[in-house]
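To keep things clear, I will list the structure first and then write my remarks on it.
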Amino acid sequence: MTKMTLKDLTPGEKARVARINKRNIIGRRLIEMGVSPGCEVKVERYAPLGDPIEIKLKGTHISLRKVEAEIVEVEKEC
Amino acid sequence: MKKITIALAGNPNSGKTTVFNNLTGAHHHVGNYPGVTVEKREGKRYYRDYEFIIIDLPGIYSLTAYSPDELVSRQVLLGENIDIIINIVDATNLERHLALTVQLMELGLPLVIGLNMMDLAEAENLKIDCSLLSQLMGYPVLPLVGTKNKGIDELLDAAVHLKEGPPAFLKKIIRYQSGVEKHIEKIKGLIPPDSVMTGGNDRQESLKRWITVKLLENDSEVVSRMKRIPNSQALLAQVAESRQQLQEQYREDAELLIVESRHAFARGAVREGVEFPGEDRVSVTERIDNIVLNRILGLPIFLFVMWLLFQMTFTLGQYPVDWLDQGVSALSSTLEAILPDGLIKSLVVDGIIAGVGGVIIFLPNILLLFLGITFLEATGYMARAAFIMDKLMHKMGLHGKSFIPMVLGFGCSIPAIMATRTLENPKDRLITILVVPLMSCGARLPVYILLAGAFFGPNMAGNVIFSIYLIGILLAVLMAKLFRTWLFPGPSEPFVMELPVYRIPVWKHVLLQVWERALLYLKKAGTVILAASMLIWALFTFPVADNGNALDPAEKMEQSIAGRIGYSIESLIKPLGFDWKTGVALISGFAAKEIVVSTMGTLYSIEGEDADPEEEYFQQNFAERVREQSGFTPLTAYVLMLFILVYIPCLSTVAVVYRETNGWRWPLFLIGYTSILAWIISFLVYRGGLILGLA
Ligand SMILES: Nc1nc2c(ncn2[C@@H]2O[C@H](COP(=O)(O)OP(=O)(O)O)[C@@H](O)[C@H]2O)c(=O)[nH]1
């Protein structure tokens with residue numbers, strides 16, 4: 001089973017962050033912005049041109065490109 | 001008087017600038033940190049028997065070595081002279097902001113934490129227990145409302161208290177996982193005492209620990225610094241081993257492990273010290289974004305905002321520009337009448353006044369543009385603009401925020417280049433600065449109108465000019481890609497950023513910022529523009545060939561230094577179909593591109609020099625003369641337009657690039673690449689045209 005990432009969520013969907021898959025500057029920046037394992041995120045919308053995406057997390061809104069969203073592994077709650 | 005030096009630190013959007021302005025009033029100045037394009041603001045405040053020196057650090061999320069902003073902040077904080085850090089945090093966003101606080105705590109300096117935006121926190125029903133937070137963090141935590149100037153003096157009181165009093169606070173430092181702590185102890189023992197430069201014993205201990213943690217995080221700057229100490233080999237070998245072992249133990253990179261611990265600490269503090277209201281409702285910001293970032297409406301709204309900004313800067317700005325222009329010409333004609341003929345008069349009228357005029361003529365545009373941009377930034381819309389345009393700009397290797405400067409480039413490169421300040425990443429910013437001049441600015445239009453009108457006739461002129469604009473855009477895209485791959489290779493800066501909540505700007509602060517920028521432009525760029533205008537004047541004036549019988553203007557120009565340069569570069573531009581006179585005109589275009597036409601007018605002795613260049617009679621006359629004397633064809637005229645589009649931007653642009661990049665390297669590069677590119681493009685089009693028989 002391939003793992004689900006933030007990129008696979010459609011606007012309005014919520015999920016819980018499971019892991020940040022890369023240890024590069026993007027991973028670090030994501031953690032700095034509060035995207036860390038265990039926290040709940042919601043995809044708010046895609047930009048009018050389809051990329052980047054906007055997510056909501058603990059009351060703040062963060063935008064990131066799809067390639068960046070790809071490294072965030074998420075789990076959907078059932 | 002006793003002195004306390006304070007560093008003001010905080011995340012972007014924490015309200016730091018607002019607090020800084022409140023702290024210092026208007027008593028501050030703005031400059032640059034040496035060698036980088038990071039703005040440095042420093043101010044003073046006299047309060048209780050102290051003189052406070054307040055240094056405003058750039059807004060940062062973290063103290064890594066990834067961006068110049070962060071490096072500069074670190075340098076200041078690690079330096080000798082900071083007594084106390086005041087850390088401004090956004091109370092409505094505590095967890096993320098406190099993550100920076102945790103890093104500041106590790107530096108071993110006393111810290112005062114200002115909880116800003118308390119008004120918003122109250123409106124959101126957040127219950128924040130400041131005294132509990134103080135206990136948890138180990139440093140005083142004080143409530144603030146920056147926009148209402150509330151709680152500002154209390155910050156200074158706390159600073160005085162920390163400076164004078166017995167150490168009332170815990171000097172807390174965060175502890176990492178036990179495994180990490182074990183390795184910290186091992187590594188710390190290998191750092192020789194004298195490799196930590198500053199502070200008393202206490203501070204030295206903290207800094208040693210800080211260096212150790214940074215080594216474990218594989219911080220590029222600290223690693224290279226530690227390479228220079230005597231036992232560096234043993235030290236770095238231990239670091240590598242520790243990182244390896246931690247990776248095995250926790251199955252996570254040491255760097256992320258450490259970052260995560262800091263966040264966990266911040267998270268813990270927030271969980272205890274803040275009480276959140278129940279279910280969150282749809283905020284005003286979300287409601288606005290539902291419209292402004294809407295899939296269908298988002299783009300048109302953005303384009304409309306761009307249009308407004310452009311109109312305000314250039315259409316509205318045209319009125320004061322015209323007044324200034326009239327003022328300058330009135331002044332020069334008055335002086336023309338008063339002063340006796342001769343070199344002095346020429347210097348004053350054609351050199352100095354023309355130069356000063358060239359500086360202040362842009363001022364209305366710059367003021368209006370910055371009014372617009374600062375306003376958009378203060379409301380929070382700027383981040384949305386980047387969000388909307390990022391896909392397109394990213395394809396060019398740029399950032400969403402590059403779009404605005406590029407559009408402004410169609411008006412004038414100078415405000416456009418100054419607008420690149422909204423780009424935080426220096427690579428993105430430099431590339432944008434380098435390609436902005438390819439967007440054909442307003443000053444080039446009269447040249448196109450004249451050349452296209454004269455050589456292509458009224459029916460074709462529009463299409464011809466349009467094609468020039470298109471070529472400019474294409475070249476900008478192409479060069480941006482080239483620069484991204486060749487000049488600044490490597491992964492691009494993450495786009496990950498906050499979309500801040502919308503706020504109503506405080507006019508006083510907006511105006512203050514606009515004024516600061518304008519002043520910077522006048523001081524730094526203004527002096528360069530003035531000097532260069534005088535140089536150009538000298539090129540066209542000397543040597544003064546005075547053998548009794550007055551020379552006509554064309555002959556004078558021919559004998560000037562500029563004329564000689566024109567001759568000497570003739571062989572260089574001959575392959576493009578230009579002669580020496582074109583060369584001279586192009587040199588004059590360096591002062592401002594619209595001058596090319598009047599120089600050509602003088603050189604080809606076209607009667608009625610003052611005639612309106614858009615008049616048909618003048619155009620015919622111009623075309624005829626130029627054709628007669630230089631053998632220009634429509635093809636050559638087109639190539640000349642292309643050359644004018646691309647070659648060396650005007651000297652004011654070069655001066656602004658010098659000012660914005662803080663050195664001569666990039667303006668020189670800009671001159672170099674545009675000249676070469678202009679030559680290549682012109683050559684290809686000219687030769688191609690000849691082959692196709694388009695003489
Ligand atoms: N409501 C409210 N807004 C504030 C407060 N402090 C700053 N702001 C606003 O927050 C925005 C960002 O402030 P600024 O000082 O530019 O933040 P900086 O990026 O940290 O320098 C501006 O629109 C300010 O007017 C505050 O205490 N309350």
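The chains referred to below are lettered A, B, ... by the order of the sequence lines, with proteins before strands, and numbering in each begins at 1.
The distance from atom CZ of A/R65 to atom CG of B/D390, rounded to the nearest 0.5 Å, is 4.0 Å. Considering OG of A/S63 and CD of B/E498, their distance stands at 9.5 Å, rounded to 0.5 Å. Here the CD-CG distance, from A/E54 to B/L293, works out to 6.0 Å after rounding to the nearest 0.5 Å. Interatomic distance, CG of A/L64 versus CZ of B/F387, reported as 9.0 Å (0.5 Å rounding).
For B/P494, the side-chain contact (heavy atoms from CB on, under 4.5 Å) partners at least two apart in sequence or on another chain are A/I25, A/I26, A/R29, A/E68, B/V496. With sequence neighbours excluded, the residues forming a salt bridge (Lys or Arg N to Asp or Glu O under 4.0 Å) with A/E44 are A/K42, listed by chain and number.
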So A/R45 and B/E286, salt bridge (charged side-chain N to carboxylate O under 4.0 Å, His left out) or not? Walk me through it. CA-CA 11 Å; A/R45 61 170 59 81; B/E286 280 166 12; over 6 Å; no

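Residues A/I62 and B/M497 have side chains not in contact (no heavy-atom distance under 4.5 Å, counting atoms from C-beta outward).
Both the backbone and the side chain of B/D289 come within contact range of chain A, each with at least one heavy atom under 4.5 Å from a heavy atom of that chain. The contact between A/I53 and chain B is made entirely by backbone atoms, counting heavy-atom distances below 4.5 Å.
Judged purely by atom type and a 3.5 angstrom limit, B/K391 uses its side chain to pair as donor or acceptor with the backbone of A/L49.
Per-residue heavy-atom pair counts under 4.5 Å with chain B were compared for A/D51, A/L30, A/V35, and the maximum is reached by A/D51.
For the residue pair A/E32 and B/H263, no side-chain donor N or O sits within less than 3.5 Å of a side-chain acceptor on the partner.
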